[in-house]
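Beneath this line is the structure, given in structure tokens, with notes to follow.
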Amino acid sequence: MITVQLADRVKNLPPYLFASIDKMKQNALSKGVDLIDMSIGDPDIPTPKHIVDAMKKAVENPEHHRYPSYEGMLSYREAAAGWYKHRFNVSLDPKTEVLSLIGSKEGIGHIPLAFLNPGDIVLVPSPGYPVYPVATLFAGGESYTMPLKEENGFLPDFKTIPADILKRAKLMFLNYPNNPTAATAHAELYKDAIELAEKYNIIICHDAAYSEIYYDNEKPMSFLELDGAKDVGIEFHSLSKTYNMTGWRIGFAAGNSDVLAGLGKIKTNLDSGVFQAIQEASIVALQTEDAILSGIRRIYQERRDSLYGGLKELGLRIIKPKATFYLWAKVPSGFDSTDFVTFLLEKAGVLGTPGVGFGAPGEGYIRFALTQSTKRIKEAAERIKSAIEKR
Ligand SMILES: *Cc1c(COP(=O)(O)O)cnc(C)c1O
């Protein structure tokens with residue numbers, strides 16, 4: 001019998017803060033509680049039919065049954081470049097400035113391996129997507145937290161980062177529209193990031209997974225729209241959230257060709273690319289009519305308005321989301337974020353995510369995902385209301 005010993009990098013993973021909540025959730029479900037689960041960042045709406053139909057056809061073709069190319073089919077990369085042109089008026093060379101990914105998480109998780117040596121620093125926004133610090137840890141790097149504060153519109157304040165940190169920094173992650181705060185960024189932020197990157201030789205990795213989930217017709221911009229962006233970084237895109245394709249595992253990175261080549265080096269040694277049938281279906285996805293996407297956005301907008309309206313009435317401080325399918329709210333006084341999530345689960349049968357799970361600066365907030373029907377969301381708001389009134 002051997003002793004199975006985990007490696008330090010696994011032992012050093014941050015504690016999984018959702019474990020106790022997972023347990024409470026399972027407990028409630030086993031008791032037959034009619035739980036409204038708003039903790040999951042995974043669309044409940046199915047993939048549009050034209051994409052599923054394209055997949056059915058593609059899967060029949062034996063050409064697609066073999067190993068795909070590492071960097072993605074040229075036709076898929078051309079479709080991604082065409083989408084960029086149409087959506088952002090940004091020109092990309094599909095051969096060198098687009099790289100296919102097995103979901104954007106795969107690219108985000110792997111990129112530190114390409115550019116970090118032990119002890120190098122990665123600038124990581126917090127609260128944020130947990131993959132940024134974990135990928136940094138796996139690559140032997142150190143995360144430097146850029147707190148996203150409400151008073152700054154949940155944007156990082158670059159001026160507070162010490163120069164010695166900037167000198168050791170190799171990468172910076174940014175993510176707008178933002179998960180979990182639902183904040184959007186403006187051109188100024190990207191300009192400042194580009195300037196900083198040029199001065200200290202830092203690669204910018206902008207995670208744009210939610211660029212197409214926006215409200216009131218206010219389209220978020222691409223980092224790559226800015227002059228000089230392509231000199232310093234790349235942008236990660238995902239088909240997951242845009243086309244309700246989280247289970248399909250496809251995305252892409254676009255921008256600086258040297259950065260993409262570095263990431264590609266890691267990928268050629270670890271994976272074998274995206275199943276070509278999925279790439280074929282994704283070409284069709286990237287050409288989806290705007291009307292279909294507006295329909296999806298309308299659904300989220302109705303949900304957002306229902307939850308925002310319902311919670312505002314209660315006096316909960318919420319920042320009305322301009323994008324993403326999340327709502328980020330301040331928890332009432334007397335609670336920390338985990339207490340409040342527990343309270344809502346026990347007294348209202350509604351499950352949110354404690355802000356602290358996205359990093360210490362998320363303490364004091366709760367995230368609700370708009371991945372339930374409007375009817376259920378309205379009911380959740382009602383239940384939250386009566387639970388708070390009875391407190
Ligand atoms: C969902 C999500 C992703 C990753 O999605 P993939 O399915 O891996 O493409 C990346 N970043 C953020 C912030 C997300 O919420």
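For ligands, and for the atoms within them, numbers begin at 1 and follow the listed sequence.
- A parallel orientation is assigned to the rings of Y365 and W328, their planes being inclined by less than 30° (bins at 30° and 60°).
- At a 3.5 angstrom cut-off on N or O pairs, Y132 does not count as close to ligand 1.
- For the pair K267 and Y70, the cation does not sit on the ring face, since its NZ or CZ is not both under 6.0 Å from the ring centre and inside 45° of the axis.
- The cluster map of Ile, Leu, Val, Met, Phe, Trp and Tyr, joined by side-chain heavy atoms under 4.5 Å apart, puts L92 and I250 in the same cluster.
- Ring pair F340/F343 is parallel by interplanar angle, where below 30° counts as parallel and above 60° as perpendicular.
- Those atoms of ligand 1 that come under 4.0 Å of a heavy atom in Y210, given as number and element, are 1 (C), 13 (C), 14 (C), 15 (O).
- Looking only at protein heavy atoms, the nearest one to atom 7 (O) of ligand 1 is S240 OG, 2.5 Å.
- Ligand 1 places these atoms under 4.0 Å from at least one heavy atom of G103: 8 (O), 9 (O).
- When heavy-atom distances to ligand 1 are checked against a 4.0 Å cut-off, S104 comes that close through both its backbone and its side chain.
- Residue contacts with ligand 1: F236 is excluded, as none of its non-hydrogen atoms falls under 4.0 Å.
- Considering backbone and side-chain N/O of E106, none are found under 3.5 Å from N/O of ligand 1.
- The closest side-chain heavy-atom distance from K241 to F325 is below 4.5 Å.
- The shortest separation from a heavy atom of R249 to ligand 1 is under 4.0 Å, placing the residue in contact.
- The closest side-chain donor-acceptor pair between K85 and S91 falls under 3.5 angstrom.
- Residue N179 places at least one N or O, backbone or side chain, under 3.5 Å from an N or O of ligand 1.
- Screening K320, R297, Q301 for a side chain to side chain donor-acceptor pair (under 3.5 Å) with D216, the sole residue that qualifies is Q301.
- Nearest non-hydrogen protein atom to atom 11 (N) of ligand 1 is D207 OD2, 2.6 Å.
- Within the 4.0 Å heavy-atom cutoff, N175 counts among the residues contacting ligand 1.
- Classified by interplanar angle (parallel below 30°, tilted 30° to 60°, perpendicular above 60°), the ring pair H237/F252 is parallel.
- When ring centroids are compared, Y326 and Y210 come within the 6.0 Å threshold.
- In terms of protein heavy atoms, atom 2 (C) of ligand 1 is closest to K241 NZ, 2.5 Å.
- Less than 4.0 angstrom separates some heavy atom of S238 from each of these atoms of ligand 1: 5 (O), 6 (P), 7 (O), 9 (O).
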